[in-house]
2 protein chains.
Amino acid sequence: MNDSTHESTVPTAVRILAAAEEVFAESGYAGARVDEIARRAGVNKAMLYYHVGDKAALYGGVLRTYFQLLAGKLADALAGSEDPRERLRRLQVAFADTAIVHPHFPQIMLREIAAGGANLPLEALQGMGRFMSATREVVEDGCARGVFRADVEPLLTHVMVVGSVVFAANGLRLLTRLAEAGVATPEVPYDLPEIARLANDIILNGITSEGVTS
Amino acid sequence: MNDSTHESTVPTAVRILAAAEEVFAESGYAGARVDEIARRAGVNKAMLYYHVGDKAALYGGVLRTYFQLLAGKLADALAGSEDPRERLRRLQVAFADTAIVHPHFPQIMLREIAAGGANLPLEALQGMGRFMSATREVVEDGCARGVFRADVEPLLTHVMVVGSVVFAANGLRLLTRLAEAGVATPEVPYDLPEIARLANDIILNGITSEGVTS
DNA sequence: GTCTATATACCGATAGAC
DNA sequence: GTCTATCGGTATATAGAC
């Protein structure tokens, strides 16, 4: 314990990764500048390479944080209920919560989807695979129990559950830009958890078998 | 009329823009290399600047093609029916059709959403604004007629309608990458129009008032 | 209209002094 | 651990000959 400021107590590697997260989100992997990351972290560029490593190591370190948190929340979500509708809702909440703790996560994911995952290390690809498998498990279980319609596609369900959160999380920046340019935009009278809840209502309402009530 | 091959009859500017479309989709605005665009178009870099202009002009030219086609299809979709459910379906089909004619369109849009529209010229921003307004008009009309639930959010509806198509259109590359890395992936037994139809069924089912039947 | 050559600037990464 | 200086490569964009 000493009298140093909060900033100085944060390990250098953590400050570097926090800066990397910002820059990768804003500019993408190709567009990100290592000099800019070092500048925002308040460290010399040589120190950045000393503490964390090259550009790929910076990116991998950022992604590891995201997928470790998401994996834990997904496991809790699956274990927390037996009802397929409740489990699907919890799956979406787990992802939305991760996006709230790490606001740059959906932005970086959006860029990677566009890039076809070209920059993603194996660890991140496996994390995405586990997420898709979790959704598939919930959907197939729900179909088998007769709660969801038998023709519900697991992958489309995943796309709609995740996509609505990812788009909603990224939409505000675009709406701000549209407003700056003088383009009329619809109002956004709700926050991310609320959007996730509304989207989940629509999806559940859309895939639930007739006759099943909550 | 002469005996020249098809390739030589295509105007130089068109070939340049076609190459630009590819490279911008693959690498994003920041990551795109003008040299690479010139190489793929089969023209000298100086000629590229002579015929089309700088990087921003290349990007604007690509986007203009997209939004001009989309605007026409949206107008047809809105004018083609009075039924809110049918109009919302036509709106999604209009976008999906545009994405099928121009497969790089959803990829570039995904990158721009991540970038908050930072690279978009005013013309493209206005095109997006008109699209959002079209969805809002259909949703508000549907709510007023009692076809859609009164609490349906226009912007969330737009996000789900557009997002499902954009994600589906971009998903195949990511699934391919996952398979390459040995990560298990769900099957994809349908094409883009089919996905759009299934997503639209879920959304319409989710937002339609009880008691309304098709 | 077409090309070569280049100006100008920047980037990722490291060597080497301290 | 920390910094300065720099290497080697590459980017956008243009000048100027033909």
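A, B, ... follow the sequence lines: proteins, then strands. Residue 1 opens every chain.
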Handout entry: Modelled atom types, side-chain donor and acceptor of B:Ser164 and B:Gln92, under 3.5 Å
Key = yes
Exercise for the section: Verify the ring-centre separation between A:Phe95 and A:Phe131: is it less than 6.0 angstrom? Expected result: yes
Handout entry: Pairing residues for B:His104 by the ring pair (Phe, Tyr, Trp, His ring centres under 6.0 Å) criterion, not counting sequence neighbours
Key = none
Exercise for the section: Sugar-phosphate atoms are those with a prime plus P, OP1 and OP2; base atoms are the rest. Using that split, label each nucleotide of nucleotides 3-18 of chain D B, S or - for protein heavy atoms under 4.0 Å, 5' to 3'. Expected result: BB------SBBBB---
Problem - Side chains of B:Leu48 and B:Leu58 in contact at under 4.5 Å (non-hydrogen atoms) - result: yes
Handout entry: By ring pair (Phe, Tyr, Trp, His ring centres under 6.0 Å) - contacts of B:His51 (at least two apart)
Key = none
